[in-house]
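Just below is one structure, and these are the notes that go with it.
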Amino acid sequence: MLIRTKKEIPASEVTDRSLFRRRRQLIKASALGALASFGLSFPELARADAGSKLPGFGKDSPYSINEEPTDFEDVTRYNNFYEFGTGKSDPAENAKGFKTRPWTLAIEGEVEKPGVLDIDQLISGQNLEERIYRLRCVEAWSMVVPWVGFSLGGFLKQFNPTSKAKFVEFTTLFDPGQMPGQQISVLEWPYVEGLRIDEAMHPLTILAVGLYGEVLPNQNGAPLRLVVPWKYGFKSIKSIVRIRLTEDMPHTSWNLSAPDEYGFYANVNPEVPHPRWSQKRERVIGGGLFSLKRDTELFNGYAEQVAHLYQGMDLNRNF
Amino acid sequence: MNRELVWLFAKISVFSICLLPFLFLFHDAVNETLGPDPIETLHFRTGDWTLRFLLITLTLTPLKLLFNWKFQLRFRRMLGLFAFFYASLHFCVYFVLDLSLSWTQIVEEVPQNPYVLVGLSAYILLIPLAATSTRTMVQRLGRNWKKLHRLVYAAACLGVFHFLWLVKADLTEPSIYALILGILLGIRIFDRVRKQRPAEKSTAVLRTIPASESCLNPVPD
């Protein structure tokens, strides 16, 4: 079993970023990496009883960007997760007692082998890999997050999608008792997101189960969330309980709430402003009071990998 | 005890209380405890306080209309100027910290943020009010001072609309401001309507205020 506890990670357990980076270099530089994956060399890396560290995941993915990750503190304190409140610091506060075990994920719809999977069995069957990705929120701020996860495409193929599978629909847990935000009709609950099948199969698209080498904190979408780095953050749905492959385009939450503001595609694009705010630049979280904004890049800097998916499409119309 | 001394003490107290939000902001900025996005935090907090001080300022007259209290009117100028002070901070946070005073950014981004234009209009309306808040200006402008200062109603409405427009989904907070503003303006309208029908006898709570005592007259202090 991979994950043995549901405990909240205390601040004292959080690895300092410099330490984290040093550890990465150490592992890279030596055969210790192999030992580390067996939990032998670095007690803080794979201490079974603490359980907050994810042992044995691949590093140095060619899909990772070479940028300094945003501080762990900021990644875990500045969250949009309306199920736990609309304030940025609400999720860290309100998701503390969120139960992520037991947890099942249902795979349904246009697949030959539908099923309901236990989260721990699901995770142990995957090749976990670290992916350092840019994250660009539709609110014009951004972070760099070292996710740990696995390819969504490879995962979906295990269920043999049929030829009718044109889209993938994701649904978040609906549990207003645990998710106080769902008691307020800010959005239509449960939260639903979707991708076109080729977007879902793209190697950049992952399901994440961790960040900074640790089990995903509740406020970041535990136990399982989507990460699509070239799209605005709201596409990367959190705490997923159902994945349904469909023939028709799914009705997604923000699109239903304000269709002229949030499109189905939601690709990061500095040339297509949101009706109420510019998307030309972004504030990099962690830069402090006097930091300058950074120019937003088309497809969040992943144009080389994903632009071909949208060839011939009018990105102004399909925003 | 000397009456003047009591008023002076009261003014210093109110002034210090009004300055507290600024001191807290300053403290948090210096100690870097404004959270992961300090510019946004400063932005939100200065905006919140601008609206709060605008609403507090607009509460003074209804208190007089409803309860015939008058002492609070002596603080109107100070409270109004505090609203302007926090609005100016809000404005500076946007142009200095967020847009880094860069013309390219201002020209490219401001027109794409329509709610910013609304907030900006509200701020521009407040400038002549702040500029004419001295006793000399009140005397010089006479009746026109009163007319000019009615702009505060427009500024408050635009300010609340600015807040309503920028919110993504949860309209609760701006709606509370809108509701309070609606009540404060409603009391004035109700009073005005009543005054226009002086013949009508009523036992309503609202009193008829003689024109010379009108709510919009500045109170010399």
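Convention: sequence-line order gives letters A, B, ...; per-chain numbering from 1. Bear in mind the structure is a predicted one, so any value in this text is a computation, not a measurement.
- Under the 4.0 Å criterion applied to side-chain N and carboxylate O atoms, A:Arg225 and A:Glu193 are not assigned as salt-bridge partners.
- With respect to A:Lys280 and B:Glu109, no salt bridge is recorded, no charged nitrogen being found less than 4.0 Å from a carboxylate O.
- For A:Asn80, the part lying near chain B is the side chain, with the backbone staying farther off; criterion is any non-hydrogen pair under 4.5 Å.
- Without hydrogens or angle criteria, A:Asn94 side chain to A:Phe84 main chain gives a donor-acceptor distance under 3.5 Å.
- Contacts of A:Val75 with chain B are absent, with no heavy-atom separation under 4.5 Å from either backbone or side chain.
- Without hydrogens or angle criteria, A:Asn318 side chain to A:Asp314 main chain gives a donor-acceptor distance under 3.5 Å.
- Geometrically, B:Arg74 engages B:Trp7 in a cation-pi contact, judged by NZ or CZ lying under 6.0 Å from the ring centre and within 45° of the ring axis.
- Contact of B:Val167 with chain A is made through the backbone alone, with heavy-atom distances under 4.5 Å.
- Between A:Glu83 and A:Lys238 there is no salt bridge, since no side-chain nitrogen of the basic residue lies less than 4.0 Å from a carboxylate oxygen of the acidic one.
- Taking the side chain as every heavy atom from C-beta outward, A:Met179 and A:Phe81 approach each other to under 4.5 Å.
- Neither the backbone nor the side chain of A:Ser257 has a heavy atom closer than 4.5 Å to any heavy atom of chain B.
- In terms of heavy-atom pairs under 4.5 Å with chain B, the best-connected choice from A:Val186, A:Leu289, A:Asp74 is A:Leu289.
- Side-chain N or O atoms of A:Arg294 include none that pairs as donor or acceptor with a backbone N or O of A:Arg283 at under 3.5 Å.
- Classification of A:Arg276 and A:Glu261 as a salt-bridged pair holds, one side-chain N sitting under 4.0 Å from a carboxylate O.
- Taking B:Leu34, B:Asp98, B:Leu97 one by one and counting their heavy-atom pairs under 4.5 Å with chain A, the maximum is reached by B:Asp98.
- Residues of residues 40-49 of chain B lying under 4.5 angstrom from chain A, judged on non-hydrogen atoms, are B:Glu40, B:Leu42 in numerical order.
- Looking only at heavy-atom pairs under 4.5 Å with chain A, the residue among B:Asp170, B:Val93, B:Thr172, B:Val116 that has the most is B:Asp170.
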